Amino acid sequence: MAETENRPTNFVRQIIDKDLQDGTHDHVQTRFPPEPNGYLHIGHAKSICLNFGLAEDYQGACNLRFDDTNPEKEDIDYVNSIKEDVNWLGFTWHEDVRYSSNYFPKLYEFAHELITKGLAYVDFSSQEEMREMRGTLTQPGKNSPYRDTTPEENTTLFEKMKAGEFKEGECCLRAKIDMSSSFMCMRDPVIYRIKFAHHHQTGDEWCIYPMYDFTHCISDAIEGITHSLCTLEFQDNRRLYDWVIENISAPAVPRQYEFSRLNLAYTVLSKRKLIQLVEENYVAGWDDPRMPTVAGLRRRGYTPASIREFCQRIGVTKMDNVIEVSNLEGCIRDDLNVNANRAMAVLNPIKVIIENYPEGQVEQLSAANHPNDESKGTRNIPFSREVYIEKEDFRVEANKKFKRLVLGKEVRLRNAYVIKAERVDTDEQGEVTTIYCTYDSETLGCDPADGRKVKGVIHWVSAAEGIEAEVRLYDRLFKVENPNGVELSEAINPDSLEVVNAIVEPNLANAEVGVAVQFERTGYFCKDPDSEGDNLVFNRTVGLRDTWANAN
RNA sequence: UGGGGUAUAGCCAAGUGGUAAGGCAGCGGGUUUUGAUCCCGCCAUUCGUUGGUUCGAGUCCAGCUACCCCAGCCA
């Protein structure tokens, strides 16, 4: 019973279960088919987790296939980054990477088959003429004057197209279906166009390239894809998908099923907007930690497991949806809470001088690397007469709800002693510059012997031994929940990046790039690759849940 | 009266004729040398809406409404 509770169920799984049960299929073969014209983002991750996840759960296989039919927009750099991201997410594709371009020769033959059957023709109409003849959503289109060219003539013409005897745009190959169909994609769709473009896989071998609708279904059939999953906007295209498979000598009959794409609040996922963010320098690049790209999330400190968990939690349906950011944040917090070691770092330092602590003395205090996991061991932290604490952890006056350091009151320094604030120095503006304290030497690792209660615990770093680090605090990139219809300049959050100079415990000098660490009471962070030598840079992945701040 | 889709809590999402799972967020309380974690409890008499069928409807039927997608030689 308990085992079935965690297992995800969704309409795709129900279809697969039924297909397996009634013998439609005896195995599951899926595919993830990105076009290599951009970086993968969290929306792609949903598709990746679905396709590869299904293959894993049903002991089937998932292909990685680059849908590379538009050489003008595609680039080998993108295929490399996509492969890297899929692997990083924790998935392994079946056999070798596939490319739609692997099938160009077969696609060309299938196009000839359609021509021979009188189901495709070469059209010399201009693009404007074609648009006019297509009709509108409420009015049927008109047949092209080239629609009744004989199969023999079309065969010759198509061969000439391939031979480069026509100019780009001069003609194209169209499927002959139905100019009055209520599905616009069935009004004699273009299936081949001329492009004298260099292709990253096939070089200059071809000057004609097949269109998506013709390519995708045939590629699926060739690869023996059983369940071809794509997003909702392809629902109409399914009619064309099925038409092509029915009208060629397809080696298999794959079926397409559509699910809703991911939308994230305060985030854009459209390729166009993402490119704009990079090109207009709203962010530092595709892997800027504020970007919803897989590369950005990785640099931000998100783990593959947390992204997989997120995709699990949001489910798979056909409903339009906008996922709240808290859902993603919850996933990374859950992961890092159990897996990240703890450390202390002071982001906005104010100095504390412990006047009754011996000058020049340095103690090495032991601290647990994880409060709930002894196996993670301990580390030493230097303690001395002068330490830094967070500015916001001190107040001259405060009510009992403020469980931190107050003038005249006590607080515990995490992993160290109880101290009491005795007096302060202030500057001309009245701002506190230094806090003078005394400490209770009998409170290391235990409560005060006289039974007095010390409620608060704050973190600290020894002034002399602490090291400086640049800390990048990220906030949402957009200030509006749905930035999609809005000008970027209007929607962008001007405070999405705050850089502070922090003092961190010396152990952090040995932090590894990308490995998460919790700065206690503050959040989860990881060392950024911008770090060089002694110049430490940390990214805040996500803050700790903060009910106190929420309540105030 | 173009077609294709979708409506269950603030956000996701189970539910497949037998009396509304779960997660996120939120709200109480307990533990705590992280205002974290953890633990307990609360959070839809009602499923877009109006009718109908039925002993019984979120599930079946009919009408209505709202929202999304489609008129690239993009995918």
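Remember, predicted model here, so these are calculated numbers, not experimental data. We use all heavy atoms of the structure for the numbers below, so side chains are in, but hydrogens, waters and symmetry mates are not.
- In RNA chain B, the stems built from three or more successive Watson-Crick or G-U pairs (distances below 3.5 Å) are B:2-7 with B:65-70, B:10-12 with B:22-24, B:26-30 with B:38-42, B:48-52 with B:60-64.
- Using a 4.0 Å heavy-atom cutoff across all strands shown, A:Asn337 reaches sugar-phosphate atoms only and no base atom.
- In terms of phosphate contacts, A:Arg134 brings a side-chain nitrogen or oxygen within less than 4.0 Å of OP1 or OP2 of B:rC73.
- Between the side chain of A:Asp546 and the base of B:rG35, no donor-acceptor pair of N or O atoms lies under 3.5 Å.
- A side chain to side chain donor-acceptor pair (under 3.5 Å) with A:Arg452 holds for exactly one of A:Thr443, A:Asp447, A:Asp440; it is A:Asp440.
- Between A:His200 and A:Tyr78, the ring center distance fails the sub-6.0 Å criterion.
- Glycosidic torsion of B:rG72 falls within 90° of 0, placing the base in syn.
- Residue A:Asn237 is in base contact, counting any heavy-atom pair closer than 4.0 Å across all strands shown.
- If you check every strand for non-hydrogen atoms under 4.0 Å, A:Thr69 touches sugar and phosphate atoms only.
- The side chain of A:Gln14 places no N or O atom within less than 4.0 Å of a non-bridging phosphate oxygen (OP1 or OP2) of B:rA14.
- Residue A:Met211 places its side chain closer to B:rA75 than to any other of B:rC12, B:rU34, B:rA75.
- Counting non-hydrogen atoms under 4.0 angstrom, A:Cys446 reaches a base of the nucleic acid.
- The phosphate of B:rG72 (OP1 or OP2) has no side-chain N or O of A:Lys195 nearer than 4.0 angstrom.
- No engagement by A:Pro140 is indicated, since no non-hydrogen atom pair under 4.0 Å with the nucleic acid exists.
- For B:rU59 and B:rA7, the P atoms lie 12 Å apart once the distance is rounded to whole Å.
- Phosphate contact (OP1/OP2 of B:rA14, side-chain N/O of A:Asn10, threshold under 4.0 Å): absent.
- When the side-chain nitrogen and oxygen atoms of A:Ser260 are compared with OP1 and OP2 of B:rU6, none of them lie within a distance under 4.0 Å.
- Residue contacts shown for A:Gln518 include a base, since a base heavy atom lies under 4.0 Å away.
- Scored by the salt bridge (Lys or Arg N to Asp or Glu O under 4.0 Å) test, A:Glu132 finds no partners at all (sequence neighbours excluded).
- Within a 6.0 Å radius of NZ in A:Lys409, no more than 12 heavy atoms belonging to other residues, nucleotides or ligands are found.
- Summarising the geometry of A:Asp188 relative to A:Tyr121, their closest heavy-atom pair is OD2-OH, 2.6 Å, with the distance given to 0.1 Å.
- Atom SG of A:Cys207 is separated from atom NZ of A:Lys195 by 12.0 Å, given to the nearest 0.5 angstrom.
- Scanning atom types as modelled, no donor and acceptor separated by under 3.5 angstrom connect the side chain of A:Arg238 and the base of B:rG4.
- Following rounding to the nearest Å, A:Asp188 (CG) and B:rC70 (P) show an atom-to-atom distance of 21 Å.
- Of the side-chain N and O atoms in A:Arg193, one or more sit less than 4.0 angstrom from OP1 or OP2 of B:rA75.
- Ring centers of A:Phe383 and A:Tyr357: under 6.0 Å apart, within the cut-off.
- When rounded to the nearest whole Å, the span between CG of A:Leu328 and C1' of B:rC24 equals 11 Å.
- A:Arg313 comes within 4.0 angstrom of sugar-phosphate atoms only, judged by non-hydrogen atoms across all strands, and of no base.
- Distance CG (A:Asp213) to C1' (B:rG72): 11 Å, rounded to an integer number of Å.
- Counting non-hydrogen atoms under 4.0 angstrom, A:Val322 reaches the backbone sugars and phosphates but no base.
- Side-chain contact of A:Tyr209 with A:Glu72: a donor-acceptor pair under 3.5 Å is absent, judged by distance alone.
- Counting any heavy atom pair closer than 4.0 Å across all strands shown, A:Ser326 reaches sugar-phosphate atoms only and no base atom.
- Within the 4.0 angstrom heavy-atom criterion, base atoms lie near A:Leu137.
- With hydrogens and angles left out, the side chain of A:Glu324 and the base of B:rG10 share a donor-acceptor pair within 3.5 Å.
- In this structure, A:Arg131 reaches the sugar-phosphate backbone alone: every heavy-atom distance under 4.0 Å involves primed, P, OP1 or OP2 atoms, never a base.
- Two residues, A:Lys455 and A:Ala549, neighbour RNA chain B, and the one matched to the more 5' nucleotide by heavy-atom proximity is A:Lys455.
- Rounding to whole angstrom units, CD of residue A:Glu309 and C1' of B:rG23 are separated by 9 Å.
- Base contact: A:Gln127 has a heavy atom under 4.0 Å from a base atom.
- The base of B:rU34 lies outside donor-acceptor range of the side chain of A:Arg521, with no N or O pair under 3.5 Å.
- Distance, A:Phe196 CZ to B:rC73 P: 18 Å, rounded to whole Å.
- Among the atoms of the strands shown, none is found under 4.0 Å from any heavy atom of A:Ala265.
- Contact of A:Arg545 with B:rU37 (side chain to base): no donor-acceptor pair of N or O atoms is detected under 3.5 Å.
- Nucleic acid contact class of A:Thr215 (heavy atoms, under 4.0 Å, all strands): none.
- Residues satisfying the side-chain contact (heavy atoms from CB on, under 4.5 Å) criterion with A:Thr136, sequence neighbours excluded, are A:Thr138, A:Gln139.
- For an aromatic pair to be called close, the ring centres must be under 6.0 Å apart, and A:Phe158 with A:Tyr192 satisfies this.
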